[in-house]
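Only a predicted model underlies this, so the values are computations on that prediction, with no experimental measurement involved. Just the heavy atoms: all of them, side chains too, but no hydrogens, waters or symmetry mates, feed the values below.
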There are 2 protein chains.
Amino acid sequence: MPVEIDDSAAEARAQGWRTLAALHARIEDALERALQREHRLSVSEYSVLDVLARQDGFHLRMNQLSGAVVLSRSATTRLVARLEERGLLQRYLCPDDRRGVYTEVTADGRAALERARPTHDESLAAALRRAEELPELAPLVTTLAVLPRAEGEGSAE
Amino acid sequence: MPVEIDDSAAEARAQGWRTLAALHARIEDALERALQREHRLSVSEYSVLDVLARQDGFHLRMNQLSGAVVLSRSATTRLVARLEERGLLQRYLCPDDRRGVYTEVTADGRAALERARPTHDESLAAALRRAEELPELAPLVTTLAVLPRAEGEGSAE
DNA sequence: CCGAAATAGTTGCGTGTGCATCATTTTGCA
DNA sequence: TGCAAAATGATGCACACGCAACTATTTCGG
C-alpha cells in the first residue's frame, strides 16, 4: 500500500521537524536571555554583527543581509537602523547601484561582537548540554557536532 | 595549547548552531506562509492543535502546553484564546486543582488539523528539498531523516 | 489552624516582525 | 531612445511575543 509508505515518510519528516524546532527554540531562548542580559543584544542583532564581521570588507547589502539572517526586508531595515544608532554599524549608498545600501560593521561593532562572543558560546554550550539530557533531543545534538565544516559559509543566500 | 582546542570546539558548536538556525528559519518561513494562506493557521497554532491531538484525552494544562510549544505563559494564554474563539479549542478548569486550566481540542479542531496536515507535510517536504540543494544545509537535512523515532514523544516537558 | 511562600494563569505595556504600499533607481524590450 | 517592468530599501499598520505585575488557589512551616 503505497499510501502507507508515503504517510510514514511524511510522519518521519514531521517528527524530524518537531525535534529541530524544539531544539532551536530552546537554544534561541537561552541565547536571547544571556545576550540581552549581558550585552543588550538580541540574537538577531548578534547574528547581523557576526555575519558582517565574517565578510571581506565587513560589509554587505541590505538584501544579502536579509537573506543571511532570514528576515524580511522591513525587519532588516529596522534591525540595521537600531544597530546604526548604537554606532555598531554604518550605512552608505552603493556607488555603482544607487538603489542599494551597504551596511558595514564598525570597529565598535566588531569590539562589541568580540565582547559578546564568550557569552554566546558559553550559553550555547550550556543549552546543548541541557538538551543532550533530553532523550528526544539528544540524537540531534550529537549529530550537530558531527556536521562537516563549511569553509566559505560567509556569503549570504 | 588547550585554549586553541577549546576555541575550535566553540567554533564548531557555533557553526552547527548557525546551520540549525538557518534551516529552521527557512522551514518555518515556508510553513508559515503555506498554513496561513490555505488554512489561516500560524505555525504555533498548528503546533498547539497537533500537540493536543496527540495527547490521551486530547487535553493538556496550560503550563504543559507552554513547555511543549516553547512559548511564554502569556503567549500561550493568548494563543489558546485565539483558537478558542474559533471553536478549535475548549478551556475548562482543573477539577482537582482550581488554579489549573485544561485545554482540549474540539472535534472541529481535530478536523481542522487533519485538513491542514497535507499542506503542512507538503510544504515541509518542499522546504527540505530546497534546503538539500544548498551545500551548507544538505548534511543537516540528511541527518534529520535518519533521526531515531521517539515512541512516546507526546508528553510535554 | 493560620499566614507566608509558591504555583497557575491572565492582563498592561513595550517592542520586533511581516505584509502592503511607496519612492527611487535600474533593467529590458520595442 | 523611451517607457513599462523589475528591483531595492523605507514606512504605516496590525499583531504576536516576552516581561512585569496582578489575582486566585494551593502548599508548607510554625
Can you check whether A:R99 reaches A:C94 side chain to side chain, under 4.5 Å on heavy atoms?
no
Would you check if A:R86 and A:R40 make a side-chain contact, meaning some heavy-atom pair closer than 4.5 Å?
yes
Minimal non-hydrogen separation, A:T76 against A:S66, with atom names
OG1-OG, 3.2 Å
Please tell me if the side chains of B:L140 and B:T143 come closer than 4.5 Å, counting only heavy atoms from C-beta onward.
yes
Could you check if a side-chain atom of A:R13 sits within less than 4.5 angstrom of a side-chain atom of B:L128, using non-hydrogen atoms only?
yes
Starting at atom CD of B:E85, determine the distance to atom C1' of D:dC15, rounded to an integer number of angstrom.
14 Å
Between A:N63 (CG) and D:dG9 (P), how many Å, whole number?
5 Å
Pairs in or reaching into residues 78-112 of chain A: which pass ring-ring contact (aromatic ring centres under 6.0 Å, His included), with residues at least two apart or in two chains?
A:H59-A:Y102, A:Y92-A:Y102
To the nearest angstrom, how far is A:E84 atom CD from D:dG9 atom C1'?
13 Å
With the sugar-phosphate defined as primed atoms, P, OP1 and OP2, and the base as all remaining atoms, what B/S/- string results for nucleotides 13-19 of chain C, 5' to 3', for protein heavy atoms under 4.0 Å?
B--SBBB
Would you say A:S123's side chain and A:A34's backbone share a donor-acceptor pair under 3.5 angstrom?
no
Tabulated below should be each protein N or O lying under 3.5 Å from an N or O of nucleotides 24-28 of chain C; please produce it.
{"residue": "C:dT26", "atom": "OP1", "partner": "A:R98", "partner atom": "N", "Å": "3.1"}

Give a yes or no answer on whether the side chain of A:S47 reaches the backbone of A:V69 with a donor-acceptor pair at less than 3.5 Å.
no
